[in-house]
Every structure is written in structure tokens, then in C-alpha cells.
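First up is the structure itself, then whatever we jot down about it.
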Amino acid sequence: MSNKQRVNQWVRPEIQALAAYHVPDASGLIKLDAMENPWTWPDGMREAWLKRLRCVDVNRYPDPKAGALTEQLRQAMAVPPAMAVLLGNGSDEIIQMLALALRGEGRSILSVEPGFVMYRMIALWCDMDYVGVPLRAADFSLDMPALRKAIAKTRPALVFLACPNNPTGNPFAEEDILEVLEMAPGLVVVDEAYAPFADTSFMSRLGEHDNLVVMRTVSKLGLAGLRLGLLAGPPAWLDEIDKVRMPYNINVLTQETARFALEHQDVLDEQTAAIRKARQDMFDALQTLDGMTPYPSQANFILVRTAEGRAKPLFETLLKNGVLVKKLHGSHPLLEDCLRFTIGRPEENDRLLELVEAFTRG
Ligand SMILES: *Cc1c(COP(=O)(O)O)cnc(C)c1O
């Protein structure tokens, strides 16, 4: 038997059918594709950070509970005192922990589409069924009749709702999420990855519903390179999920750096405020352009729909001129002719708009 045959025999067919997660090479490009915070730290802050790192002992295992960091995150994210907190190596790892803890024969994960692709991906890795309920085409809001039907039929172990949603940028109506919490037989995860840019949150509602947990990340806040996410919720749930957490999953450099960053929350807040302001400016500017329809966003990106058939040529024109955005056209029927622009620094946003404007003038 050739090794290829052996691989085919043993690697699950659904894994073999996957394409590996593709990250485009962005070297030399203005990078507006991945919802990163475009701002670095002021020089003085960078120096102070390096001084702190000098004292980190990398020969030792990290604090397994990341106690000090967890306390700071509780404060920064206003986690209600009675709720438990669990940290992950990015919120992606938390999604995986949730699936590992709740998976089982015939069990499923339910989410909405277009949505964050990792819910479906991790369901597949963990051999769970995945049900993606389409959002309403007009405004990407939750399609409640469809959700009622799907939840009643599948009785999902896990429901994921990203609020604001990626890649559409809109938050879901609070009363709709509350109804999902009432209907869902299992755990409902409100994924608030974009909380720093949004006006609403379910964090303060934790405890009001037994099956509600809230997930956050520091990635979109400006610390994507650290890989740090957080799950907050009732101890009864989190004590169980904690059992499938890798020991020492938050490394010493991440713990120390995140602690340092949270001591400089004012810098992060300033950057977030600048991004929110730039988002409004970008939205207003896009709205004036012929054939470009931006969708209202409470995240650090804007979804835009081009005129029919124009998304791919616009994407390629931008790329040729050194600007990388996300092409969503072709990824879901509701995203025909759509691109996603992450908000960058002013000069980056200006360059993007200049190119889009020239393109629409044709
Ligand atoms: C970016 C994103 C995450 C992943 O965050 P990490 O903490 O970087 O793994 C989770 N959920 C949504 C909806 C996102 O857009």
C-alpha cells in the first residue's frame, strides 16, 4: 500500500475534502482584509512593554489559570461578579473547547449565514452536524420564522450568534436574541468579537438566562497577534468546559503583554474611538459613490455591495494598486457582488476610497 493510500484510508473523508485555511500574502500591501487594528503603540509604551518582558521567565510554565490577567479582563470587560471566566488561545480555541465539551452522536451546532466560518469548520473537525440558517436578504437580520423551525427540528447542542455579525457588520435585534435564548434547548453563545466598536452587549445580561454565555476576544481591539479570547458565563457551564482546556493554553508572553496592554486601556480606547469615527467617514463617502452600497456596521469593517459583476474587477484593481480587501463574492448567495473593507489608518482609508472612486467613475 502506498503512503497516499494509507493517508486516504485513515484521514476522515470530510477532512480530506477541506481546503486548508488560506491566508493571502499581504507583504507590501495596505492590509484591509482581516479586521486588524491598524495602530501600533506609541514609542514610550513599546519601550515600557519590552522592559516588562525582560522579567518574564520563559523556562517556567505559565500561571495555568492566568489569575491576574483574568482579573484585569473581568474589570475591562465588565463581567458580572457571579459569572465565571475562561480564557482561550484566541476565541477560536474557545469555540473548539465548546464543541469538544458538547459534541456527541447526532449533536449539532447551529448558526446563521453568512456568518463566521469557524463555527462550521470546528463542527466538522469535531464530527458534529452543522446547520446554517440564512439571514434575511434585505438587511441581514435574523430570520426568526426560519430559526424557530430550525431550532425545533435540530435541537442544537450549541447556537452561535456573532453580534455584531461578521461579515455583515450589523448587530442582531436584542428581542430576537432573547427569543433564541428561550427556544434553544442547549447553550447559546453570543460572540461579541466586535464589542469595542458596538453600542450593545449581552455581557450585563449574563445570569438572566441559564443557557447564555458571552464570548469576547482582544484580537479586534488591537492584540490579534497575542491570540487571547474570553468566555464569560454561569459557573455550572464553564466549570465543565474548562475540563477540555489545554493546560497552560495562555502562554507567559501573552499573559504579560495582555496585562500590560490593559494597564494602558486609554491608548486602546483612543484607537477604538478613531476607528469608529473613520468607519462613519468611510460609510458616508461610500454612500455617495455610484453603484456602491455600504451596509451599516457596528464593527471595524464595512460590507459593500458593488454593481452587478463588479466585485471581482474592483478587488483586482485594488490589489494591483497595493490594497488588499476581502472578496466575499462567491462565498455565499447573499454576498453576491460583495467586498469587505476593514477600517485602517486615515491615509490607508483615503487611498482605498480614492481607488474605489476612480473605479466607479470607470
Ligand atoms: C475574528 C473573529 C473571532 C476570532 O477571534 P480570535 O480571538 O482572533 O480567534 C471570533 N468571532 C468572530 C465573529 C470574529 O469575527
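What you see is a predicted model; the values in this text were computed from it and never measured. Heads up: numbering here begins at 1 and tracks the sequence. Counting convention: from 1, in listed order, for ligands and their atoms alike.
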Are any of the side-chain nitrogens in Asp33 or Lys31 under 4.0 Å away from the carboxylate oxygens of its partner? yes
Which atoms from ligand 1 have a heavy atom of Ser219 less than 4.0 Å away? 6 (P), 7 (O), 8 (O)
Using a strict 4.0 Å threshold on nitrogen-to-oxygen distance, state whether Glu348 and Arg351 make a salt bridge. no
Between Thr168 and Asn165, do the side chains contain an N or O donor and an N or O acceptor separated by less than 3.5 Å? yes
Does a side-chain N-to-carboxylate-O contact under 4.0 Å join Lys65 and Asp242? yes
Give the atom numbers and elements of ligand 1 that come within less than 4.0 Å of a heavy atom of Asp92. 4 (C), 9 (O)
Under a 4.0 Å heavy-atom limit, does Asn166 contact ligand 1 with its side chain, its backbone, both, or neither? side chain
I need the atoms of ligand 1 closer than 4.0 Å to a non-hydrogen atom of Ala162, numbered in the order shown. 13 (C)
Relative to the heavy atoms of Gly90, which atoms of ligand 1 are at a distance of less than 4.0 Å? 7 (O), 9 (O)
State whether Glu93 and Arg245 are salt-bridged, where the test is any N-O pair (Lys NZ or Arg NE/NH1/NH2 against Asp/Glu carboxylate O) under 4.0 Å. no
Any idea which protein heavy atom is nearest atom 15 (O) of ligand 1, and the distance to it? Tyr194 OH, 2.6 Å
If you measure only the distance, is there a donor-acceptor pair under 3.5 Å linking the side chains of Arg340 and Asn166? yes
Hey, looking at atom 13 (C) of ligand 1, which of Asp191, Leu221, Leu228 has the closest heavy atom? Asp191
Touching ligand 1 at all, Glu93? Heavy atoms, strictly under 4.0 Å? no
Nearest heavy atom to atom 3 (C) of ligand 1 wins, so pick from Glu36, Gln96, Arg227, Lys220. Lys220
Judged by modelled atom types alone, do Tyr119 and Glu113 share a side-chain donor-acceptor pair under 3.5 Å? no
Under 3.5 Å between some N or O of ligand 1 and some N or O of Ser91? yes
